[in-house]
Amino acid sequence: MEPERPNYGGIMVHLKKPYWVFLILLFTFVAVLTFQISTKDILPFQFFGVTGSRKTSVTSGSDPVPDPGSCAGLLGELPERKHVMSIKEFGGVGDGKTSNTAAFWKAIVHMQRFSNQGGGQLNVPKGKWLTGSFNLTSNFTLFLEDGAVILGSQDPKEWPVVEPLPSYGRGRERLGGRHISLIHGDGLTNVVITGQNGTIDGQGGMWWDLWQNRRLTHTRGHLVELMNSHNILISNLTFRNSPFWTIHPIYCSNVVIKGMTILAPLNAPNTDGIDPDSSTNVCIEDCYIESGDDLVAVKSGWDQYGIRVARPSSNIIVRRISGTTPTCSGVGIGSEMSGGISNVIIEDMNIWNSAAGVRIKTDKGRGGYIANITIKNITMERVKIPIMFSRGANDHPDYGWDPKAIPKIKGIFISNIMSLNSTKAPILAGIKGGSFEGLCFKNVTLLGLAPTAAWHCEFVSGCTNAVFPLPCPQLQNNGSSACCI
């Protein structure tokens with residue numbers, strides 16, 4: 001029987017693990033540290049509701065009190081979709097076998113005519129709707145009803161190859177172009193992907209096999225990728241088995257990803273959950289993620305291509321995310337960060353059975369910067385390395401990268417961290433000749449380490465306050481009242 005799902009602001013989120021363990025842990029942690037969240041730590045975003053009716057307004061006037069814990073109001077008020085149709089009206093067949101690629105394309109083209117009339121909504125009813133890639137349009141809602149499943153085609157030709165991203169210069173895995181995402185959009189405004197916890201399943205097994213057997217010709221496609229777009233909401237759905245990164249907003253602004261369940265086998269390669277990339281004003285909250293890579297990774301371009309495009313990621317909130325990834329991190333920043341990453345808040349996360357908790361990934365050749373990052377209120381259990389700064393992956397798009405392009409890291413504030421059954425103490429590996437400074441660690445408790453376990457730090461500087469076990473010598477002013485101001 002599926003565990004009961006909590007209601008976060010009207011959006012139901014799957015719980016797949018025994019959360020009472022983490023609740024007890026968190027309660028104990030708060031009691032010990034007497035930590036309180038002040039109102040100034042919560043941005044004054046307005047609540048943004050989604051209902052399940054056929055004619056769905058993406059705002060809800062039925063919520064009497066704004067929810068101060070949600071930043072979904074970032075999108076403002078979007079108009080009710082007055083033109084609502086079903087995929088069945090365009091010849092769709094939900095038997096799990098018939099291709100609906102043409103039906104989805106026909107439906108989107110039809111919906112474009114309503115863009116200036118409040119927009120259109122395409123409903124996908126209960127059933128299994130097999131399809132290849134299709135593009136969305138502006139002022140549009142894709143709504144999956146209860147029991148609806150969109151299945152990604154197993155024919156690679158239905159995932160066409162498109163140009164590489166400008167800030168990457170080539171496909172992330174292979175030279176040249178890349179397969180388009182299953183659901184794609186470029187240059188769009190006011191787009192909603194939501195529903196009554198319907199499912200989008202990329203059926204990525206075929207792609208994982210191609211990658212593992214080294215028979216992949218082009219970089220795998222994402223499940224959902226939106227480019228150069230503004231005012232995006234993705235909520236209240238289950239995404240499964242993406243061939244590659246699951247949700248990838250790139251060169252976007254005003255993006256809300258809320259109340260999502262994202263699942264992939266824990267050995268599925270590079271199945272990141274959510275990767276905001278060269279995007280601004282992004283809110284990711286109340287999601288459950290199991291994957292074979294980072295649960296959430298903030299990115300901004302790759303080496304010389306990212307430096308040249310210079311599209312940073314900034315003003316990003318990641319909160320109330322829970323999940324596990326045995327090979328990677330709960331939340332990562334980088335390693336593709338050449339356009340710069342700044343003003344990021346990561347808070348209230350539960351991470352377990354993972355290789356790393358929070359990780360900042362850089363390398364020579366990346367250039368760019370990571371600045372003003374706040375990471376707080378994180379609980380972990382059986383996480384191998386709770387805090388990690390890594391370098392030297394020797395991962396570059398081509399031979400044109402500049403070894404003198406050293407990233408600058410400044411202002412990383414990490415506080416209120418509790419990790420049980422940790423395997424290793426934090427590893428903070430800066431880069432020789434680089435600037436990794438202004439690191440702050442406050443109220444960090446790592447339990448379960450061997451008595452000989454010690455922090456490992458190179459080419460970093462900063463300070464600590466109330467940290468156990470004792471930090472490395474490079475983090476000076478231990479216990480100072482001036483630390484972390």
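From a predicted model like this one, the values you see are computed outputs, not experimental measurements.
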Between [X] (side chain only) and [Y] (backbone N and O only), is there a donor and an acceptor less than 3.5 Å apart?
X: Ser338; Y: Gly306; value: no
X: Asn236; Y: Gly195; value: yes
X: Arg366; Y: Tyr369; value: no
X: Thr261; Y: Thr238; value: no
X: Thr246; Y: Ile274; value: no

Quick test of your reading of the model: are [X] and [Y] salt-bridged, counting only N-O distances below 4.0 Å?
X: Lys258; Y: Asp286; result: yes
X: Arg320; Y: Glu347; result: no
X: Arg240; Y: Glu290; result: no

| task | Check step by step if side chain to side chain donor-acceptor pair (under 3.5 Å) holds for Asn350 and Thr379. | result | CA-CA 5 Å; Asn350 292 324; Thr379 61; 2.3 Å; yes

| query | Taking the six-membered ring of Trp401, is NZ or CZ of Lys364 closer than 6.0 Å to its centre and within 45° of its axis? | reply | no

| task | Look at the rings of Trp207 and His179 and say which category their plane angle falls in: under 30° parallel, 30 to 60° tilted, over 60° perpendicular. | result | perpendicular

| said: Which label fits Phe441 and Phe389: parallel for a plane angle under 30°, tilted from 30 to 60°, or perpendicular past 60°? | reply: tilted

Solution key, residues 450-458 side-chain donor-acceptor pairs under 3.5 Å, sequence neighbours excluded:
unit_1, atom_1, unit_2, atom_2, d
Trp455, NE1, Pro469, O, 3.2
Glu458, OE1, Arg391, NH1, 3.2
Glu458, OE1, Arg391, NH2, 2.6

